[in-house]
Each structure stands twice: as C-alpha cells, then as structure tokens.
Amino acid sequence: MTENAHSLPEIHLTDTLGGKKVPLRTLEPGKVGIYCCGPTVYDMSHIGHARAALAPDVMTRFLRQQGYAVKYVRNITDIDDKIIARSLEEDRPATEVSEQYTAEYQRDLDSLGMIEPDVQPKVSDHMTEIVNLVQALVDKGLAYAAGGDVYYRVRQFGPYGELSGRSVEEMIESAGSRIEVDERKESPLDFALWKAAKSGEPSWESPWGNGRPGWHIECSAMSSTHLGQTFDIHGGGRDLIFPHHENEIAQSQGAHGIDTFAKYWVHNGFINIGGEKMAKSLGNFWTIRDILDLYTGEAVRYFLMTVHYRHGLNFEVEVLCPACRAVMGTAQQNALRCKACGHETDAATLRSSVRFPGLEEGDDRVAYVYATLEGARALAGDTDPEGEVTEAVGGMLDAFVEALRNDINTPAALGVLSKPLSEVNGLLASGKGVAKDVRRRTAARFVRDMATAAGVLGCFGEDPAAYLAARCELKAARIGLDVAKVEDLLAERTAARESKDWAEADRLRDVLADLGVAVKDGPDGSVWTL
RNA sequence: GGCGGCAUAGCCAAGAGGCUAAGGCGACGGUCUGCAAAACCGUUAUCCCCGGUUCGAGUCCGGGUGCCGCCUCCA
C-alpha cells in the first residue's frame, strides 16, 4: 500500500480537469474540503438528484473512514428563475416555494440515509458575499455593468474553457446559432453575474441597482465563504461542467487572483431512462418520493451504488399487464391493450403496474445481506472477532477499502462483499470442515467488518430483523398483499403437511406463490417471505 | 457543426499495460428437502471494427462504426 506524506492511505479520484485518475493530495494534510452543487428548490426532486447527492455522500463517508477530517458543503439554490416562475404560478412568495421544497428535499435525502453536510448554505444568506464578489470582478476589469446587469468578460479570463475542453474562439463562432445574443453583452459568451430586478420579483440592493444574482456566482461566493478561495474537491452532475462550473472557475479565480479554485473536479453521470437522460425538462422522471413509497431507502441506495458514479445508470421501468403480468411495450401501453392476453386497461391502472427490475434486484440483494447478517449475529454471539477466520471474510474489509480507494468504486466494493457473504452463509448452513471456534469468530468478524462497510455505504447498518420486517411490510403494500389471507393459507398448508397430504400442501404453496409469497419449510415449521 | 464520454457474457457491471477478464441477475447441473423454496457448490466471455506502439493491450495511440451527453434550463 502506498501512502502519502501524512501517512494516510493513497486515494485516487478521476479529475474532470485533465480527465485522468490522479492521487488525492489535499491542501492540508488529513483534511478535505468538499463542495457539491445542490438543488434548485422549485419542485420535488427526482432520483437523478438522489444520485447527485449520493456521490459526495459516499465520498465523504469513505474519506472519513480513511481518517480524513472532511468538511462537506452542499448548497441550496433558493433564488432562481424557476422558483420565481413557480411562485408567480402559484401566487405565493418565492421564499415559501423555496422553503417548501428545501424541506421536501431534506426529507427525501434523510429517507435515503444521507449524512448531513457540515454546511448547507443558501444563496439568500450570502447576498453580501455575492455582491462583494461581483464588485471584485468589476474592479479587476473582469466584469462590466450594463443597464443594471453585470456581465463577466469571458475574453479577459485566459483559462476559460479548460474544464470543458472548449476554446473561446470556437464558442464565439458558433454562439448565437442557438439562442439570440443579448445586445447589452460585449461578447456572446459573457454571462450574467447580476441581473437587474424586474417588477414583482424578489430583489436585493447592489451598487448596480436592485437585482438578484446570476446563476453561477452563488456557488463561487458560497464555496469561498465556507471552504476558502481554494479548496479540495468540487462535485456535481456532468451537465454542470459547462457552463456552470466553467463559469465558477472564471469567477473565483478571476476575483481572487489565484490559479486554482478546486483542486479536483468530480462529476457524476446521469440516470437514464429508456436510453435518455432523466430530466425535469424531458418529463421522464420518477421522484424520490414515488420510489420511496415502493422501496426502502437502502434498496435505492444500493441500486444507485451498483454503477460507478461517473457513468450513466439505467433506470429500468417495466409495465406489466395487470391481467397476465406480461411485459407491455410502449405501443401496447399507448394502446392500453396487452398483446399477450388481449386485456384492455386504463392509464391509471397501468401506472400502478410498473416494476423496476434494477431496484428490485437491489432490494433483494439488500435483503440477502441482512438475512446473512442476522444469521451471523446469532452465530457470533459475543465472540471476539480477532484471530483466525476463514479466507474470504478475513480479506473482506481490506479488499472493500481498496476498491473504494480507486475513485470511490462502489460497484467493485459491493462485488467484494459477495464471496464473504456466501462463505458466511455456508458456515451458517453446515460449516463442515471448519472448527467451531473459527466459525464463530468468522461470523463475529463478518459482523464487525460489515458494520464498518455499512458506515461507508450507508447500507446494512440497521438491525437486520427490523429491516427485514419493515421491508416485508413495504413490499406487501407494494404488491397489494393481503397478509391475513397469507397467514390463513399458510395455516391450512401446515395442517395439510402435518397429515402428509402433499398434494394439497403443494397446491396451497402454488396459490401462495401466485400471490408473490415464497414458503420455506424448516425444522421449526413453515415461514413465508416476499 | 464544435466539444466531452461510453462500447466487456443472454441482461446489468468492475477492470490505475503484465498472475487463469471481479461481482450480480438469469440459465443449466448438483447438495439439502416429502417435493420445493432459501442457502451452498459447480458450469456459463478473449473484451464493437481496422491499423499501430509494446516483450506483452480490454487497458495506450490513430482511424472507423454505433449510442449518450454538453454547447439554452438541467444532478
């Protein structure tokens, strides 16, 4: 294992600036500052937002586990065109809109087991800093006022385009081909730092008259306020690379006269649905709330972690025929008719007939881990985890950590857990060939090390029995299961089994299977699971 | 049009030039079981195409092809 100067383990991150995987060398030994672009709070968040929040969440958890003191900052953008638009639409103050959706966002992230950032700055609380920053840019000749607006003079900033790999000249050539260029701008690439107030909109005083900040300046102001002019890691969705982050660099480096704003840029990929990016504007999104009505927060987290944060993640959605359960394609959905069985249905019914194969797999996997954990706990008792244990479990934590050191590779880290998991299940089932004390110690070690992994993943940290019970309840509701009926059928079946009426027992098992219930016959009787 | 990214088994998905290309799902075979289920064991890939660099390439370079994203709000 290589170590850096202050003897913390070597961690690599892929830096968007340069596009390469590079060793993390923090500004101050043992300390990391992370700034992550949070949401604009004008509506409910969708699972793409969940993913964007998860990436820095896991990064922070992991860096802390590795011994770093992390200051994690995630902002809330509470001043924005869309918030204003919404407030006008709903005829209520913009602050009411932003406060409502801030609360909703926090509730969603809480359900997803996200850690709280150390600071969650809001734009509206940083107006002084923003105005000062704009002023600094004007003073340096990097910005100019024009009729109550203030624009950034992009041509004056040499490194412009480095992050996104664009050249200023090329951008100028193609500018205007897509949108009309504002005539008050000196150059089409110049962007607004400050916008003059329009009637009916919230505004703040400034040297250029009443107005409000442009889109990018708030992140420059808030990051320097809470992390300093130069800090370690800046994150956000890929779509923010240009222009948002490019502009942040121009603003911050320009205003402060420095050549490094963020040392490392990390960007997460999108959630795709049907091969397209999930986005508000495309209308193809599922809100976090929609999904959390159906699956546990941990199942969602697990699902999001099965793909590396930089890559696209397919959010599979299947619509099943309410009658025959066949998968219905888009054409069939539009026709409201199942091709397989001819069943005719309606839109509302269809909407409730969706299933999410990826999420389902994650849900099952999390349940499997908890079931293993439950057994391991029982076997371990209060056995000391130190000493000889079986191979896979013994190497689990090191391998897990190693995977994450490589650019927070969660899919690899989750993969590392597989062998130990089956090893422990093997020990629980028979344990033949393994000494009893080794079995117990292995179980104890597994429980202990999984707790460490759980702290990093934000998964598998609950009490197993409680989790499984809650998950079962949620799943029963999801598939519309009548639990009392299941209990009755199971009792009937138990009676049949006791009288060795296998045909009847098997028939009842099939009935239960059709309801989505799996029956397990054990030495202590039969139990059902979902 | 410019820029960026991706292309690995039936599906999903790791692979920071070099041991026999992780792992999951599915499928198949087996152990267990009254039969099952669960669990466990086993089987299931030479990496989009062409050329190059190298002793050695899924991994680097060049050229294709195909997807996706950004260039306007966007996680």
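Below, read A as the first sequence line, B as the second, and so on, with proteins coming before strands; counting in each chain starts at 1.
At the phosphate of B/rG23, OP1 or OP2 sits under 4.0 Å from a side-chain N or O atom of A/K419.
If you take CD of A/E391 and P of B/rC41, they are 13 Å apart, rounded to a whole angstrom. If you measure from atom CD1 of A/I84 to atom P of B/rC73, you get 15 Å, rounded to the nearest angstrom. Across the protein-nucleic acid pair, A/M44 atom CE and B/rA75 atom P stand 15 Å apart, rounded to whole Å. When rounded to the nearest whole Å, the span between NE2 of A/H311 and C1' of B/rA75 equals 17 Å. The distance from atom CG of A/L414 to atom C1' of B/rC25 is 14 Å, rounded to the nearest whole Å. To the nearest angstrom, P of B/rA16 lies 7 Å from CG of A/N406. In this structure, the NE2 atom of A/H244 is 15 Å from the P atom of B/rC70, given to the nearest Å. The CD atom of A/E246 sits 15 Å away from the P atom of B/rC73 (whole-angstrom rounding).
Each of A/G19 and A/A279 was matched to the nucleotide of RNA chain B holding its nearest heavy atom; the match closer to the 5' end belongs to A/G19. Each of A/N409 and A/P243 was assigned the nucleotide of RNA chain B with the nearest heavy atom; the assignment lying further toward the 5' end belongs to A/N409.
Annotation: B/rC68 and B/rU31 have their P atoms spaced 48 Å apart (nearest Å). For the C1' atoms, the distance linking B/rG69 with B/rA9 amounts to 27 Å, nearest Å. Taking atom C1' in both B/rA21 and B/rA57, the straight-line distance is 12 Å, to the nearest Å. Taking atom P on both nucleotides, B/rG64 is separated from B/rC3 by 12 Å, rounded to a whole Å. Using atom C1' as the reference point in both B/rC47 and B/rA22, the two lie 14 Å apart (nearest Å). To the nearest whole angstrom, the two C1' atoms, one in B/rA7 and one in B/rU43, are 27 Å apart. For the C1' atoms, the distance from B/rU20 to B/rU46 is 12 Å, rounded to whole Å. Between B/rA37 and B/rG51, the distance separating the two P atoms is 49 Å to the nearest Å.
Among the atoms of the strands shown, base atoms are found under 4.0 Å from some heavy atom of A/R497. A/I271 comes within 4.0 angstrom of a base, heavy atoms only. Here A/I241 lies out of heavy-atom contact (under 4.0 Å) with every strand. Counting any heavy atom pair closer than 4.0 Å across all strands shown, A/G48 reaches a base atom. If you check every strand for non-hydrogen atoms under 4.0 Å, A/R74 touches nothing.
Salt-bridge formation is not detected for the pair A/R74/A/E116: no Lys NZ or Arg NE/NH1/NH2 atom is positioned less than 4.0 Å from an Asp or Glu carboxylate oxygen. Using a cut-off of 4.0 Å between Lys/Arg side-chain N and Asp/Glu carboxylate O, A/E104 and A/R289 are scored as salt-bridged. The existence of a salt bridge linking A/R51 and A/D57 is excluded, since no basic side-chain nitrogen approaches an acidic carboxylate oxygen closer than 4.0 Å. By the 4.0 Å N-to-carboxylate-O rule, A/E402 lies close enough to A/R405 to be salt-bridged with it.
Atom CD of A/E487 has more than 12 heavy atoms from other residues, nucleotides or ligands within 6.0 Å.
Residues meeting the ring pair (Phe, Tyr, Trp, His ring centres under 6.0 Å) test with A/Y309, sequence neighbours left out: none. Qualifying side chain to side chain donor-acceptor pair (under 3.5 Å) partners for A/T306, counting only residues two or more places apart in sequence or in other chains: none.
Paired runs in RNA chain B that reach 3 or more consecutive Watson-Crick or G-U pairs, where each pair keeps both distances under 3.5 Å, cover B:1-7 with B:65-71, B:10-12 with B:23-25, B:26-31 with B:39-44, B:48-52 with B:60-64.
Of the candidates B/rC73, B/rA75, B/rC12, the closest approach to any side-chain atom of A/K82 belongs to B/rC73. Taking every side-chain heavy atom of A/M278 into account, B/rA75 is the closest of B/rC35, B/rA75, B/rC3.
Relative ring orientation between A/W286 and A/F356 is described as perpendicular, the plane-to-plane angle rising above 60° on a 0-90° scale split at 30° and 60°.
For the residue pair A/K21 and A/H12, the shortest heavy atom distance occurs at CG-CB, 4.0 Å.
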Side chain to side chain donor-acceptor pair (under 3.5 Å) between A/S418 and A/R365, intermediate numbers included: CA-CA 10 Å; A/S418 289; A/R365 193 70 184 160; 3.0 Å; yes
Chi angles and distances behind the salt bridge (Lys or Arg N to Asp or Glu O under 4.0 Å) call for A/E504, A/R509: CA-CA 8 Å; A/E504 176 64 1; A/R509 185 169 59 201; over 6 Å; no
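Between A/Y72 and A/Y35, the ring centre distance reaches or exceeds 6.0 Å.
A donor-acceptor pair under 3.5 Å is formed between the side chain of A/R478 and the backbone N or O of A/L294. With A/S220 contributing its side chain and A/E248 its backbone, the two residues share a donor-acceptor pair below 3.5 Å.
In the interface, the side chain of A/R365 is not paired with the base of B/rC25 through any donor and acceptor atom under 3.5 Å apart.
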Might you list the N or O atoms of the protein lying below 3.5 Å from N or O atoms in nucleotides 37-40 of chain B, with each pair's distance?
{"residue": "B/rC40", "atom": "OP1", "partner": "A/Y368", "partner atom": "OH", "Å": "2.5"}

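Just one residue in the list A/H267, A/R238, A/H216 forms a side-chain hydrogen bond (donor to acceptor under 3.5 Å, both in side chains) with A/H245, and that residue is A/H267.
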Taking protein heavy atoms under 4.0 Å as touching, what does nucleotides 61-68 of chain B look like 5' to 3' if B marks base contact, S marks sugar-phosphate-only contact and - marks none? -------S
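Within residues 298-308 of chain A, the residues having any heavy atom under 4.0 Å from RNA chain B are, by residue number, A/T306, A/V307, A/H308.
At a cut-off of 3.5 Å, with distance as the only test, no side-chain donor of A/Y302 or A/D363 sits close to an acceptor on the other residue.
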